[in-house]
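Report on one structure; see the data block that follows.
Because only heavy atoms are used, hydrogens play no part in the values below, and waters and symmetry mates are left out as well, while side chains stay in. Lettering of chains follows the sequences in order, A, B, ..., and the numbering in each one begins at 1.
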Amino acid sequence: MTSLPANRPERRLGLVIDLDTCVGCQACVVNCKEWNTGGYPAPLSDLDPYAAEPSGAWLNRVHTFEAGDGAAGRTVHFPRSCLHCENAACVTVCPTGASYKRAEDGIVLVDETMCMGCGLCAWACPYGAREMDVLGGVMKKCTLCIDRIYNEHLPEEEREPACVATCPARARHFGDLADPESGVVKLVAQRGGMDLMPERGYKPTNKYLPPRPRRDRTGTTGAPAALENAAPDGGFLGWLDRALSR
Amino acid sequence: MHPASSVILFTTSAGVGYGLLFLLGLAVPTGLIPAERWLGLAAMGLALGAISLGLLASTFHLGHPERAWRALSQWRSSWLSREGVVAVITYVPAGIFAIGWVVFETADDAWAVAGLLAALGALVTVVCTAMIYASLETIRQWHNRWVVPVYLAFALMTGALWLSAVLHLFGPGTLWSDLLASASVLLAWGLKLVYWRAVDGDTGISTPESATGLAAFGTVRLLDPPHTQENYLLREMGFRIARKHADKLRRIALAVGFAATLIFSALAVLTSGWPAASAAVLAALSGSLGTALERWLFFAEAKHSVMLYYGDRAA
Ligand code: SF4
Ligand code: SF4
């Protein structure tokens, strides 16, 4: 059913991505591929993986941008994956009913047994979050690791998306963005979390935290202003210095 | 956007068929075209053949063509689904209309109703096809109010050109159909010029700054792409055609689809007998070729907002 849920989902699970701390290491990209190629429900296939021109379906991509110039400029590593939009145009365009948004937690999914591989949803997504699995003939996208976050066979601390679990810089946070008490909501409030392309009105669930402002004046750290004199005039060290300098 | 040959064949061929079906469904019941068997066989054969070829071509690029029937289920939200539903439903009155015309040589009473319903179905199907593109806000060259009128006008033009050709080949030809063909050529390409002017002046609403949320730091430039080889997104949505080639191709489309077609269709009006018939056929061929070129450009010139993450400056 490709109509969007009639009511705003009470839980809106999603990611908060910190553009300040992301180091662009691509660990989340690799762990996403690793989990999703082995997990539910079919592999995330590659074409010619060992040839000169490999190509394949990945659900998470990390770009690196330069923003601004000079001292005010930044190099920003930028992970890009499905934002689980509230106004998910990818869902409503789907002719087969394969794409849907869950009413219970807002996650946007593709039923791979119904998808006919027309690609229209990828055209409708402004963020490029959907990639066709050319070998499988079906559309793939981030599932927010539904097969981890609800998986009772995993220890509780592992029930988070693969990308979040693996991030060495702790730049990725997972939680319920509809719960005012959740850590992700507090983080968004504290750090001024933002929507991507807000002018288009897709209302992404995922938020991005902007790089922190640059700190020019660090103030006093308690360190001495100058280094200790290595050649004091008197005392044992002075004698030693003179003796050794001879 | 990648100009897939299956989609160009689909929209061009189905446009010919629906344009022709629309005109036949109106002209036969009203007596403008006689309900004669061989004429009916040729005209309805061409219309339904072109429609079926187009619909078949539209399944070529699917990852799972055997699931295409599922596309009839989501007409509440999806224009692609609506198009499929209306296309299938239209076969029913079109088939009845064809039987009346070819088997019983009549287009009166109930047969007339079938003809009119087939014309309506043809019209709605082309609107749905155009809306698949026009509803995609991610591609500003498609999300434009001239897209639906242009699709309708090109279906009308190619339908009228083939109608004129069929009437010349299977009968004496009629002045009104020849004049209609010429007029529709002017209308279609006139609207296309308006469309080109509208998209050329539209700079879009999004930028790499709004796509990344980094506007506060200044201009955003791509330093490192996320992958070293092309992926699905770049193949499908990164197709770009240099401005100068696009200009040249627009001129070629105009020369073939507009100028040559208009000259041939004017010759069909001014001459008679076999010269008129050959001119009408040439007009139909060049008009269809020009339409395919126009469709190719409709894709090749369209840019998707995801390319903001790959170096584009506006979308
Ligand atoms: S980011 Fe794209 S694929 Fe994900 S919900 Fe939004 S529109 Fe759909
Ligand atoms: S590719 Fe699959 S999920 Fe996407 S619109 Fe087509 S049928 Fe729906």
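Rounded to the nearest 0.5 Å, atoms CG (A/Leu120) and OH (B/Tyr133) are 8.5 Å apart. Once rounded to the nearest 0.5 Å, the distance linking CE of A/Met132 with OH of B/Tyr232 reads 4.0 Å. If you take CG on B/Leu214 and CD on A/Glu66, they are separated by 12.0 Å, rounding to the nearest 0.5 Å. The distance from atom CD of A/Glu199 to atom OG of B/Ser210, rounded to the nearest 0.5 Å, is 3.5 Å. Here the CZ-CZ distance, from B/Phe217 to A/Arg214, works out to 11.0 Å after rounding to the nearest 0.5 Å.
Taking chain A as the reference chain and counting heavy-atom pairs below 4.5 Å, the highest number among B/His61, B/His227, B/Glu66, B/Glu83 is found for B/His227. Options B/Gly213, B/Gly218, B/Ala211 differ in how many heavy-atom pairs under 4.5 Å they form with chain A, and the most are formed by B/Ala211. The candidate with the highest count of non-hydrogen atom pairs below 4.5 Å against chain A, out of B/Met1, B/Gln229, B/Arg67, is B/Arg67. Listed options A/Cys125, A/Ala57, A/Ala89 were ranked by heavy-atom pairs under 4.5 angstrom with chain B; first place goes to A/Cys125. Taking chain B as the reference chain and counting heavy-atom pairs below 4.5 Å, the highest number among A/Gly136, A/Pro210, A/Ala122 is found for A/Ala122. Between chain A and the residues B/Met237, B/Arg221, B/Glu137, B/Arg82, the largest count of heavy-atom pairs under 4.5 Å involves B/Arg221. Most heavy-atom pairs under 4.5 Å with chain B: of the set A/Pro198, A/Gly128, A/Ala52, this distinction falls to A/Gly128. Note: B/Ser78 leads B/Ser73, B/Ser135, B/Ser81, B/Ser78 in heavy-atom pairs under 4.5 Å with chain A.
With a 4.5 Å cut-off on non-hydrogen atoms, B/Met307 does not touch chain A at all. Interface remark: B/His304 contributes side-chain atoms only to the contact with chain A (heavy atom separation under 4.5 Å). Of the atoms belonging to B/Ala315, heavy atoms from both backbone and side chain fall under 4.5 Å from chain A. Looking at A/Phe78, the atoms closer than 4.5 Å to chain B (heavy atoms on both sides) all sit in the side chain, from C-beta outward. The contact between B/Arg235 and chain A is made entirely by side chain atoms (from C-beta outward), counting heavy-atom distances below 4.5 Å. Proximity to chain B is absent for every atom of A/Ala129, based on heavy atoms less than 4.5 angstrom apart. Residue B/Phe60 does not touch chain A at all, counting heavy-atom pairs closer than 4.5 Å. Residue contact with chain A, scored on non-hydrogen atoms closer than 4.5 Å, involves the backbone and the side chain of B/Leu62 alike. Residue contact with chain B, scored on non-hydrogen atoms closer than 4.5 Å, involves the backbone and the side chain of A/Pro211 alike. Proximity to chain B (any heavy atom under 4.5 Å) is shown, for A/Pro54, by both the backbone and the side chain. Looking at B/Thr219, the atoms closer than 4.5 Å to chain A (heavy atoms on both sides) all sit in the backbone: N, CA, C or O. Residue A/Cys94 touches chain B through its backbone alone, counting heavy-atom pairs closer than 4.5 Å. Proximity to chain B (any heavy atom under 4.5 Å) is restricted, for A/Val76, to the side chain, taken from C-beta onward.
The two atoms that bring B/Leu80 and A/Pro95 nearest to each other are CD2-CG, 3.5 Å, heavy atoms only. Across all their heavy atoms, A/Gly97 and B/Gln74 have their closest contact at N-CG, 3.2 Å. Taking both residues in full, the closest heavy atoms of B/Ser305 and A/Pro126 are given as OG-O, 3.0 Å, listed atom of the first, atom of the second, then distance. Residues B/Arg76 and A/Ser3 share a closest heavy-atom pair of CB-OG, 4.3 Å. Here the shortest heavy-atom pairing between A/Ala124 and B/Thr138 reads O-CG2, 3.2 Å.
Contact of the B/Val306 side chain with the A/Arg80 side chain is registered, since non-hydrogen atoms from C-beta on lie closer than 4.5 Å. B/His64 has its side chain out of reach of A/Cys115: every pair of non-hydrogen atoms, C-beta onward, lies at least 4.5 Å apart.
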* Might you work through the side-chain contact (heavy atoms from CB on, under 4.5 Å) test for A/Val62 and B/Asp224, ending with a clear yes or no? => CA-CA 9 Å; A/Val62 177; B/Asp224 255 341; over 6 Å; no
* To do: Determine, step by step, whether B/Leu233 and A/Arg61 satisfy the side-chain contact (heavy atoms from CB on, under 4.5 Å) criterion, reporting the C-alpha distance in whole Å, the side-chain angles of both residues, the deciding distance to 0.1 Å, and the verdict.
  => CA-CA 11 Å; B/Leu233 296 176; A/Arg61 304 272 190 184; 5.6 Å; no
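Ring geometry, A/Trp123 versus B/Trp142: the interplanar angle exceeds 60°, so the pair is classed perpendicular (tilted spans 30 to 60°).
Among residues 12-29 of chain A, the residues having any heavy atom closer than 4.5 Å to a heavy atom of chain B are, in sequence order, A/Leu19, A/Gln26.
Every residue two or more places apart in sequence or in another chain that forms a side chain to side chain contact (heavy atoms under 4.5 Å, CB included) with A/Cys90 is listed here: A/Ala88, A/Val108, A/Cys121, A/Arg130. With sequence neighbours excluded, the residues forming a side chain to side chain contact (heavy atoms under 4.5 Å, CB included) with B/Leu222 are A/His63, A/Phe65, B/Pro225, listed by chain and number.
Residue B/Trp146 places its CH2 atom among 12 or fewer non-hydrogen atoms of other residues, nucleotides or ligands, all under 6.0 Å distant. Atom CD of A/Glu10 is surrounded by 12 or fewer heavy atoms from other residues, nucleotides or ligands within 6.0 Å. In the displayed structure, B/Lys303 atom NZ is contacted under 6.0 Å by at most 12 heavy atoms of other residues, nucleotides or ligands.
Put simply, the side chain of B/Arg70 never gets that close to the backbone of A/Ala98: no donor and acceptor are under 3.5 Å apart.
Side chain to side chain, A/Ser55 and B/Glu230 fail the donor-acceptor criterion of an N or O pair below 3.5 Å.
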List, one per line, each side-chain donor-acceptor pair under 3.5 Å for residues 85-95 of chain B, sequence neighbours excluded.
residue	atom	partner	partner atom	Å
B/Thr90	OG1	B/Val86	O	2.6
B/Tyr91	OH	B/Ser52	OG	2.8

